There are 2 protein chains.
Amino acid sequence: MNLKKLSKILGLSQTTVSRALNNYPEVSEATRERVKAAAVAHGYRANIRAKSLATGRSMAIGHVIPISTQHEIVNPIFADFIAGAGEIYSRNQHDMLLSVVPDVDEDRTYRELAAKASVDGVIVHGPRPNDPRIPLLQSLNIPFVVHGRASDEDTDYSWVDVNNRRSFERAANFLFDLGHKRLALINGLEFMDFARRRKEGFLAAHAARGVEATPVLMASDEMTENFGFKATQAMLAQRQPPTAFIVSSMIMAIGVRRAISDARLQMGRDISVIIHDDALSYLPNGAEIPIFTATKSSVHEAGKLCAQMLLDIIDAGDKTPRHTLLETDLTLGESTGPVLK
Amino acid sequence: MNLKKLSKILGLSQTTVSRALNNYPEVSEATRERVKAAAVAHGYRANIRAKSLATGRSMAIGHVIPISTQHEIVNPIFADFIAGAGEIYSRNQHDMLLSVVPDVDEDRTYRELAAKASVDGVIVHGPRPNDPRIPLLQSLNIPFVVHGRASDEDTDYSWVDVNNRRSFERAANFLFDLGHKRLALINGLEFMDFARRRKEGFLAAHAARGVEATPVLMASDEMTENFGFKATQAMLAQRQPPTAFIVSSMIMAIGVRRAISDARLQMGRDISVIIHDDALSYLPNGAEIPIFTATKSSVHEAGKLCAQMLLDIIDAGDKTPRHTLLETDLTLGESTGPVLK
DNA sequence: GCAAGCATTCAAAGCGCTTTGGAAATGATT
DNA sequence: AATCATTTCCAAAGCGCTTTGAATGCTTGC
């Protein structure tokens, strides 16, 4: 079923039928009703490619998911983010186009998306400091929103980010207030912007207290359970082990917990742990009482915000950058307590 | 830059340029070279929508991700599956179209995908027994591959599945051989096909040994860490607690481990645990020595297989169903041992 | 030397939609 | 009744590509 047939059935021109369906004012209410009813009756749905060829808009948003070539790891927050964004897209009749590409090919992918005109805008994932993708997308003149930030000079593009620096500063301060002196940081790869900012916050809290941060107590790697375990194990084996850990993700924290319980220590009593909790749907932080004390910010929500911001930008057609900085909730769980004397 | 301009620059007709670029034989090698060089030089890339409007093929594959309306949970295996599938798609110049929809709207989504002609085929996720999506897709006449199976009558559509039944039967037998008598099953929602089959395998092993399975030792719910924890805690509190657990996912197993260590028991000595390991990239089962004894099957690999199968089907244009049944590896980890006397 | 055959190239139609620039019909105004 | 403005509808062009059917120029074979 296509426009031509439908209009023939109705005895109207394609123009009128098209206009009726797209709610143009220059068609009478009566015919509009008639047309819409017929469309439903015959199961007519406009061919999306013909439509976007004619309009020049693709009604699709691109997400380029980089796969790190060294690690072959898919970011686990990705599923929840996508779910959030997808909700907004389908609510606004947009499609989501996913390109999973080795990080080295990312450039090419963006250029292709632009040249083939397959999307109206893109979401940029996992920004690094001074990420080259940003000038690239700007030069390609394609609307985009970054999930995270890519530099300190962050005013000339649109982003949605968590206040990572403040979050981790607060977390460290909270532990200091409980009497802890030796804090460990289990962080993601620090060429990622979010991890760099978290470390900054961690260090800032130390500086404010005049405490020197210990290099061996700051680990950074791909955020797997296993890295959390290994790093914690190594730190607990130090002559002067830390009494508290700040951990950048729930997944790593699971490894941290494993190392702690393997060492026959009790979390929340012998060792305190604060995590950053992305509120992943399949990894809730306990039920009634949170397992971990956590700085919490829903990545599902971030997905929704990014998507909505991008659609707004495309809609408005103006290029003035927009920014959303999300503050985290510091939720108290069972994993923290005063330092043991 | 478009075909018209490019052909004007080259002093050739659109026909010839198009054919040169698409490797049609009826164009001389010399001009083909010249055209291709010019295309690169001018950054020409065929507009994908115009192309698919003309060819009738969209060069895109749809994935409909259902969000369970009651639970709002995104399946965590999803990221790795998508990564695998995406690899195949980009290698074959296909796009991946993702629709995240509340499960109640799935029907409508498939119909729309078909009517709008936006994809050449779809992957069906999370099949249930007698899943209505299968006859629907068949009637819509759109090529599809199911990740999993939807019934015992599984011959008239294409699928890629893990031999869940045999896997869990083997796992149970392995535990029986170690002397365990009371096995617990922590399973996913049993209206999902995979979970149903796993239970069957679990029960079959019992039946073969003449052991009666205990209803209170078989739990089933959404596969979260928290459910794993709660279920295990409850079972360990029984008068006759189980000595071994079979757990349907790594995420749940993390909760199982938490409950075990909270009960001051040692996994692998006091309590044995076998899990099903989807080999998620961000949740590796330990490093050198696996933490958990596991029936292992890479969901990343499954993604690749599904994608490849679907592309093959589309390419071949024939509708004879294809099937791939993957056997799992039973890998020995530190979480199992002989039953304590 | 001429028809036949082949290798190249092209003009134009068509994919299914939107949109421009009118035209026809209706109603209001003089 | 003639004029004008509105409303309602339409024919046709165009989005950027592929593909059909035909034309062109060259080489062969007899």
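Just so you know, these numbers come straight off a predicted model, no measurement behind them. A note on names: the letters A, B, ... follow the listed sequences, proteins ahead of strands, and every chain is numbered from 1.
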**Prompt:** Could A:D193 and A:R149 be called an ion pair, given the rule that one side-chain N must be under 4.0 Å from one carboxylate O?
**Reply:** no
**Item:** Pair A:H323 and A:Y157, ring centroids less than 6.0 Å apart
**Value:** no
**Message:** Treating B:T324 as the side-chain partner and B:V160 as the backbone partner, does any N or O pair qualify as donor plus acceptor under 3.5 Å?
**Reply:** no
**Asked** For B:M59, does its backbone N or O pair with a side-chain atom of B:D120 as donor and acceptor, under 3.5 Å?
**Response** yes
**Message:** Can you see if the side chain of A:N22 gets near the phosphate of C:dT18 - specifically, an N or O under 4.0 Å from OP1 or OP2?
**Reply:** yes
**Request:** Give a yes-or-no answer on whether the side chains of A:T16 and A:S13 include a donor-acceptor pair shorter than 3.5 Å.
**Result:** yes
**Complete:** Here the distance between atom P of C:dG16 and atom NZ of A:K5, to the nearest Å, is 8 Å
**Request:** Send over the distance from A:L53 CG to C:dT19 C1', rounded to a whole Å.
**Result:** 13 Å
**Request:** Give the rounded distance in Å between these two atoms: CD1 of A:I48 and C1' of D:dC15.
**Result:** 16 Å
**Spacing between B:L21 atom CG and D:dT19 atom C1', to the nearest angstrom** = 15 Å
**Prompt:** Looking only at atom types and distance, does a side-chain atom of B:Q138 sit under 3.5 Å from a main-chain N or O of B:D156, one as donor and one as acceptor?
**Reply:** yes
**Item:** Under-4.0 Å side-chain N/O to phosphate OP1/OP2 contact, B:K51 with D:dT18
**Value:** yes
**Message:** Can you tell me if A:Y44 touches the phosphate of C:dC17, counting only side-chain N or O atoms and a distance under 4.0 Å to OP1 or OP2?
**Reply:** yes
**Item:** Whole-Å distance separating the NZ atom of B:K8 from the C1' atom of C:dC10
**Value:** 14 Å
**Whole-Å distance separating the CG atom of B:L3 from the P atom of C:dC15** = 19 Å
**Item:** Nearest-Å distance for atom pair CG/P, residues A:N47 and D:dC15
**Value:** 18 Å
**Complete:** note: A:R45, atom CZ; C:dC17, atom C1'; distance rounded to Å ~ 16 Å
**Asked** Would one find a side-chain N or O of B:Y24 under 4.0 angstrom from OP1 or OP2 of D:dT19?
**Response** yes
**Fill in**
Its contact letters, B for base, S for sugar-phosphate only and - for none at protein heavy atoms under 4.0 Å, make nucleotides 5-14 of chain D read ---BBBBB-B
**Cationic N near anionic O, under 4.0 Å, A:R32 to A:E29** = yes
